[in-house]
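Just passing along the structure, written as structure tokens.
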Amino acid sequence: MSEAQHQTVAHRHWILIACMLAMFMAAIEVTIVATAMPTIIAQLGGFSQFGWVFSIYLLTQAVSVPIYGRLADLWGRKRMFLIGASLFLLGSVLCGMAHSMTWLILFRAFQGLGAGAIMPITSTIVADIYSPRERAGIQGWLSSVWGVAAIIGPLTGAWIVQHFSWSLVFWVNVPLGIISMLMLARWLPAHQQPSEQSLNVSGSAWLMLSVSALLVALLQAEALGYWLLLFLAVALIAGFILLRHEKKAEAPLFPLAIWRSRVIVAGNAGNLIIGAAMMGISAFLPTWIQGINGGSPLQAGSALAMMSIGWPLASTFSGRLMLHTSYRFTAQLGALLLIAGTALLLTLHAGSSLMQAGFAAFVIGTGMGMTSTTFLVSVQNSADFAIRGICTASIMFSRMLGSALGTAIMGAVLNYNLLLRLPDAQDPVQQIMSPERRQALDGGTLHQMTLHIAASLHWVFIVSLVIAVGSLFIAWTMPRRRPE
């Protein structure tokens, strides 16, 4: 589809609504399931497998994202979205029918395989039907989906498990998915450029092996022990073979045009950093509020929700700002806000108010929204139609990989500091997070333990700040032009 054809697509508003419904379905999945997990564990058992319910979903989703992106370029956006959404909905139905934790994990893996199609392809569809100038503004609408899902998801999950079966947590997405699929089947043109290329199967296999080994190593580092080295070795070897294979392949999984574009490389590097820095607040700010401040899960969730509010607001503003300034200026402003927000985390102490933590989260959210929107729009505007799918998917994949890297790095920093400061304490974070175990501690022990855990978390926030500074350097490499 040429740029001149954007204006000729009929029913663009209905296509946009269908894409937003699909995005909402994928966005709410994580938060609504997390809220319901205590109830699910109580009925199915298998607490030791708890982490795999989330890890396997992220793993299969991350592995499939670049493959769906490439297939969307080769076989068409419409066909691949319908296939991916169907897999996601079938996985959702099966998850609600699981009778054990093992079956739930298996069905979550299947669900993740479908989820890998939803975000990159819907974002690509929107980029296809709107002109470069329009994409900047429309990203605010798409980002608002995440903000709404972050707020509605936990509330909906809590209400469902209180009044109905936990299975409904997985089934509530089915009507949304069906409506979205019907709308896109009806109104989305089946545009597809003629291509004699086929999917690079061997390259895809090496990619899946490398990414799977790396993500398992990062997400299950503590449980693996020395087996971690084996998984890292497999990831490196498979990655090296993939790199050699891509250089010689007639139809590479990642076309060479991606790596020759400074804008596309910068966009991927920026999203890798954003994903890593984001985990400093997503994973560890709730720990601070509940463990150091003695707050409730609701208070921790409320503070974290401020990031989800700041993100779509900044995304909408950045879309307008880059039209009047440039990609570089907008990305640099977002990077400075991200740095300022993570620096505010270092001002937290045991007596800090919930408002102070929420304000830091809000500032971080504005930085995330502004930088991520700028990186995505610049990449989509730089990519030809024939590779726009894989370019958009690479952005999503980079952020997922960054989140896994950030979680692993900051988790290691926290554990190392706790080992130095509280060598004799057994699971000190869990002791102060659990209300029952916290009350069982005497005043002096609780004070010392809280003091050392707070210092350890400050080192996590320092790492998050250092990572955030990297986004400023990436923003500096962006072009000084505006969307046209």
Side-chain angles (χ1 to χ4, degrees), residues 23-24 26-32 34-35 54 119 139-155 157 270-290 292-293 295-319 331 333-348 352-376 396 399-400 402-404 406-407 410 457 460-461 463-465 467-469 471:
M23 285 185 172
F24 181 80
I28 202 174
E29 177 66 25
V30 177
T31 54
I32 197 172
T35 308
F54 299 98
M119 293 308 301
Q139 283 300 324
W141 289 93
L142 301 181
S143 295
S144 67
V145 171
W146 290 91
V148 173
I151 296 171
I152 292 180
L155 298 176
N271 271 271
L272 185 77
I273 288 176
I274 289 172
M278 184 170 62
M279 298 315 297
I281 177 173
S282 299
F284 298 102
L285 184 61
T287 302
W288 180 282
I289 293 173
Q290 291 181 248
I292 307 304
N293 296 133
S296 65
L298 179 61
Q299 289 175 318
S302 299
L304 201 57
M306 294 301 294
M307 180 178 71
S308 301
I309 294 173
W311 192 307
L313 291 176
S315 180
T316 303
F317 174 71
S318 66
L333 179 59
L336 290 173
L337 286 169
L338 180 58
I339 292 170
T342 50
L344 285 173
L345 294 177
L346 294 174
T347 66
L348 296 177
S352 296
S353 65
L354 182 64
M355 185 175 296
Q356 184 178 345
F359 179 70
F362 179 82
V363 175
I364 291 173
T366 59
M368 295 284 185
M370 193 165 289
T371 51
S372 64
T373 299
T374 306
F375 289 138
L376 178 60
M396 311 289 179
R399 192 185 304 170
M400 291 179 186
S403 297
T407 302
M410 294 178 201
L457 284 171
V460 172
F461 297 150
V463 172
S464 183
L465 175 60
I467 294 173
V469 170
S471 66

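The structure displayed is predicted, hence computed values, not measured ones.
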Would you say the side-chain atoms of Ser464 pair up with the backbone N or O of Ala277, donor to acceptor, closer than 3.5 Å? yes

For Ala361 against Ala303, the heavy-atom pair lying closest together: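 That closest heavy-atom pairing would be CB-O, 3.3 Å.
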
Are Arg399 and Phe375 close enough that some pair of their side-chain heavy atoms sits under 4.5 Å apart? no

Can you find a pair of side-chain heavy atoms, one from Thr366 and one from Phe317, that are under 4.5 Å apart?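 Contact flag for Thr366/Phe317 side chains = no.
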
Give me the atom names and distance for the closest heavy-atom approach of Ala276 to Met410. O-CE, 3.2 Å

Scanning both residues in full, the closest heavy-atom pair of Met23 with Leu142 reads SD-CD2, 3.9 Å

Interatomic distance, CE@Met400 vs CG@Leu272, rounded to 0.5 Å, equals 13.0 Å

So which atom in Met368 and which in Ile274 form the shortest heavy-atom distance, rounded to 0.1 Å?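 Closest approach of Met368 to Ile274: SD-CG2, 3.2 Å.
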
For the CD1 atom of Ile467 and the OG1 atom of Thr342, what is their distance to the nearest 0.5 Å?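 Answer rounded to 0.5 Å: 9.5 Å.
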
Measuring from Ser372:OG to Ile273:CD1, what's the distance to the nearest 0.5 Å?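 Going from OG on Ser372 over to CD1 on Ile273, the span is 13.5 Å.
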
Trp288: partners by side chain to side chain donor-acceptor pair (under 3.5 Å), with sequence neighbours left out: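 If we apply the side chain to side chain donor-acceptor pair (under 3.5 Å) test to Trp288, skipping adjacent residues, the hits are Asn293.
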
Taking all heavy atoms of Leu337 and all of Val363, pick out the closest pair and write down the distance.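 Shortest heavy-atom contact: O-CG1, 3.3 Å.
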
Minimal non-hydrogen separation, Ala149 against Ile28, with atom names: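 Heavy-atom minimum between the residues: CB-N, 3.8 Å.
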
Rounded to the nearest 0.5 Å, what separates atom CD1 in Ile339 from atom OG in Ser471? 5.0 Å

If you measure from CG on Leu333 to CG on Leu338, what distance do you get to the nearest 0.5 Å?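 Taking CG in Leu333 and CG in Leu338, the distance rounds to 11.5 Å.
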
First locate atom OG1 of Thr371, then atom CG of Leu376, and finally report the distance between them rounded to the nearest 0.5 Å.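 Thr371 OG1 to Leu376 CG: 11.0 Å, rounded to 0.5 Å.
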
Quick one, Leu348 and Ile292 - any side-chain contact, counting heavy atoms below 4.5 Å? no

With Thr373 via side chain to side chain donor-acceptor pair (under 3.5 Å) - residues at least two apart: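 Partners of Thr373 under the side chain to side chain donor-acceptor pair (under 3.5 Å) test: Ser315.
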
